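Reading through the structure tokens given below for one structure.
These numbers were taken from a predicted model, which means no experiment stands behind them.
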Amino acid sequence: MKIATWNVNSIRARLDHVTHWLEVHQPDVLLMQELKGTEFPAEAFAPLGYQAEAVTQKAYNGVAILSRHPIEVVAIALPGDEADGHARYLEVNTNNTRIVNIYLPNGNPVGSPNFGYKLAWMARLAKHMQQWRENNIPVIIGGDFNVIPEDIDCHKPASWIKDALFQPETRGWYRTMLGYGFTDAFRALHPDLGGAFTYWDYFRRAFETNRGIRIDHFLLSPELATRLVRCEIDKEPRSQPKPSDHTPIWVELQ
DNA sequence: ATGCCCATCAGAGATGGA
């Protein structure tokens with residue numbers, strides 16, 4: 001089973017990029033983030049053989065899951081804060097697998113309410129992950145984590161030292177999640193590979209010079225980690241005209 | 001130290017992204 005994730009930075013602006021990528025790569029499941037709008041074009045994916053579920057809001061955020069197999073929605077929001085109305089979470093069962101799509105808050109600038117919201121969101125997610133482990137529920141969590149896990153995951157740590165994605169608290173929560181027994185799929189298969197990024201700024205010729213960061217991840221529970229055979233970043237879409245600032249990353253499970 | 005680019009909503013320029 002092949003599962004991909006891609007922050008598309010507006011599904012409306014990226015629809016042709018996404019449908020083309022699906023035709024070429026034929027994943028079983030695609031997780032998308034930053035749909036940016038209330039309209040989700042599910043009808044564009046049906047002819048390609050994909051069912052769709054989406055959680056949207058006006059202008060901001062938004063997550064969707066496409067699958068070649070029937071989708072059973074488990075949850076459309078991360079538990080733990082009834083007042084949190086952001087469209088950032090979608091949990092489903094499809095192809096006999098629990099799959100969770102997240103768009104974790106950015107959190108900048110550090111010290112603002114945004115950063116507090118990010119850390120609280122990470123605490124809520126970590127609690128949920130701990131519960132999945134305690135109940136031995138196999139689960140794969142994919143999406144835009146907005147976390148640079150380690151120094152190797154950015155071109156120059158000094159450039160990111162003040163950023164919410166690279167704060168000790170942010171990275172600490174990510175390590176806590178790994179500590180519950182979850183596996184960072186890409187890092188597990190490419191333990192020492194630097195310069196492997198999923199996001200590049202639109203400006204400063206960041207992509208051309210590979211000044212990027214690795215912030216789109218898959219975390220696998222132990223049951224699924226044993227089935228992990230491949231995990232790759234596909235830089236090709238980021239090189240196209242009018243790209244998203246993120247590029248897809250995918251995993252293959254036996 | 002700051003803005004760069006890109007997208008949304010709205011119909012200009014503010015806001016968010018990371």
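A salt bridge is defined here as a Lys NZ or Arg NE, NH1 or NH2 lying under 4.0 Å from an Asp or Glu carboxylate O, and A/D144 with A/R88 fails to meet this definition. At a threshold of 4.0 Å, the pair A/R98-A/E72 does not count as salt-bridged, since none of the basic side-chain nitrogens sits closer than that to a carboxylate oxygen.
Of the candidate nucleotides B/dC9, B/dG17, B/dG3, B/dG3 has the atom nearest to the side chain of A/R204. Comparing B/dC6, B/dT8, B/dG17 by their nearest atom to the side chain of A/Y103 picks out B/dG17. In this structure, the nucleotide among B/dC9, B/dG16, B/dG17 sitting nearest to the side chain of A/K58 is B/dC9. Side-chain proximity of A/R12 to B/dG17, B/dT8, B/dA7: nearest is B/dT8.
Comparing the P positions of B/dT15 and B/dA10 gives a spacing of 15 Å, expressed to the nearest Å.
Taking the six-membered ring where the residue is Trp, A/F145 and A/Y174 present perpendicular rings, their angle passing 60° and hence far from 30°.
Between A/P105 and A/I11, the residue anchored closer to the 5' end of DNA chain B is A/I11, taking for each the nucleotide with the nearest heavy atom.
Within residues 206-216 of chain A, the residues approached by DNA chain B to less than 4.0 Å at the level of any non-hydrogen atom are A/I213, A/I215, in residue-number order.
Among the protein residues, A/N61 comes within range of no part of the nucleic acid, since none of its heavy atoms lies under 4.0 Å from any strand. Looking at heavy-atom distances under 4.0 Å, A/N146 makes contact with sugar-phosphate atoms alone, never a base. No engagement by A/R205 is indicated, since no non-hydrogen atom pair under 4.0 Å with the nucleic acid exists.
Distance check: A/I161 CD1 to A/K156 NZ gives 12.0 Å after rounding to the nearest 0.5 Å.
For A/V229, the side-chain contact (heavy atoms from CB on, under 4.5 Å) partners are A/E252, A/Q254, not counting sequence neighbours.
In this structure, A/W200 has its ring center under 6.0 Å from that of A/F207.
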